[in-house]
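Report on the following structure.
Only a predicted model underlies this, so the values are computations on that prediction, with no experimental measurement involved. FYI, the numbering just counts along the sequence from 1.
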Amino acid sequence: QVQLVESGGGLVQAGGSLRLSCAASGLTINQNAMGWFRQAPGKEREFVAIITVHNSNYADSVKGRFAISGDNAKNTVYLQMNSLKPEDTAVYYCAARLGILDYTEMTSGYDVWGQGTLVTVSS
């Protein structure tokens, strides 16, 4: 059974940092495209970052502030978030494109989702 479990969310002041983790089971992260998305209250889920064995990509809104990485030994994907802003407040979701290493920002392109972890940035 494929499962993604996020952790690391919380409350942080503007300008602070958090690191989110996505522990994967039932799949090997370096054989799949792994993405992070977020959904703010009243808004649609949006792309944040993606990583494959070949490269990584970011939404313009987080470039230079967020970094996605993977630890193959732990089968875990991370999202390091620095210089956080109140507008980064959202539920953050990890997602996997099973058996696919291509890049997409579309939520419909992902097969498995975690339950989400809440990030709140206070001003």
Side-chain angles (χ1 to χ4, degrees):
Q1 180 181 0
V2 177
Q3 190 175 18
L4 303 173
V5 179
E6 302 99 332
S7 61
L11 174 64
V12 63
Q13 288 187 334
S17 299
L18 280 176
R19 188 178 78 158
L20 305 183
S21 300
C22 171
S25 58
L27 64 84
T28 302
I29 61 170
N30 63 7
Q31 296 178 359
N32 305 274
M34 303 295 298
W36 283 98
F37 288 75
R38 66 186 181 187
Q39 188 165 17
K43 295 187 177 181
E44 293 189 353
R45 194 169 298 188
E46 65 175 6
F47 169 78
V48 174
I50 184 174
I51 187 169
T52 73
V53 67
H54 302 303
N55 54 28
S56 58
N57 283 285
Y58 300 89
D60 288 342
S61 59
V62 306
K63 276 181 183 176
R65 300 187 299 121
F66 290 12
I68 189 171
S69 63
D71 185 330
N72 294 328
K74 295 182 178 180
N75 212 33
T76 297
V77 178
Y78 301 98
L79 185 68
Q80 177 67 43
M81 305 186 296
N82 300 322
S83 300
L84 282 161
K85 305 174 181 180
E87 51 263 44
D88 294 318
T89 294
V91 176
Y92 283 72
Y93 297 90
C94 178
R97 305 193 76 199
L98 298 181
I100 298 175
L101 293 176
D102 292 337
Y103 159 73
T104 182
E105 297 183 7
M106 298 181 62
T107 58
S108 59
Y110 291 78
D111 305 293
V112 182
W113 293 82
Q115 83 289 351
T117 185
L118 176 63
V119 172
T120 304
V121 184
S122 63
S123 57

Measure the spacing between [atom1] of [X] and [atom2] of [Y] and express it to the nearest 0.5 Å.
X	Y	atom1	atom2	answer
Ser17	Phe66	OG	CZ	9.5 Å
Thr52	Asn30	OG1	CG	10.0 Å
Gln3	Cys94	CD	SG	11.5 Å
Met81	Trp36	CE	CH2	8.0 Å
Leu11	Leu18	CG	CG	9.0 Å
Arg97	Met106	CZ	CE	9.5 Å

To check you understand the geometry: which heavy-atom pair defines the closest contact between [X] and [Y], and what is its length?
X	Y	value
Tyr58	Ala49	CD2-CB, 3.6 Å
Lys74	Thr76	O-OG1, 2.9 Å
Ser123	Ala14	CA-CB, 4.4 Å
Asn82	Gln80	OD1-NE2, 2.9 Å
Ile51	Ser69	CD1-CA, 3.8 Å

Would the distance check show the side chain of [X] and the main-chain N or O of [Y] forming a donor-acceptor pair, the cut-off being under 3.5 Å?
X	Y	value
Asn57	Tyr103	no
Thr89	Thr120	no
Asn32	Met34	no
Asn75	Leu27	yes
Asp111	Leu98	yes
Thr28	Gln31	no
Gln13	Val121	no
Gln39	Glu44	no

Should [X] and [Y] be counted in the same cluster of Ile, Leu, Val, Met, Phe, Trp and Tyr side chains packed under 4.5 Å apart?
X	Y	answer
Tyr78	Val91	no
Val12	Leu79	yes
Trp113	Val119	no
Leu4	Tyr92	yes
Ile68	Val53	no

May I ask you to check whether Phe47 and Phe37 place their ring centers less than 6.0 Å from one another?
->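 Yes, the ring centres sit under 6.0 Å apart.
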
Cation-pi geometry met for Arg38 and Tyr93 (6.0 Å, 45°) =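 No, cation not above the ring by the 6.0 Å, 45° rule.
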
Flag the pair Lys85 and Asp88 as a salt bridge only when some basic side-chain nitrogen lies within less than 4.0 angstrom of an acidic carboxylate oxygen.
->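 Looking at Asp88 together with Lys85, the answer is no, because their closest N to O distance does not fall below 4.0 Å.
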
Kindly indicate whether the side chain of Thr117, heavy atoms from C-beta on, has any atom under 4.5 Å from the side chain of Leu20.
->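 With C-beta onward as the side chain, the pair touches.
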
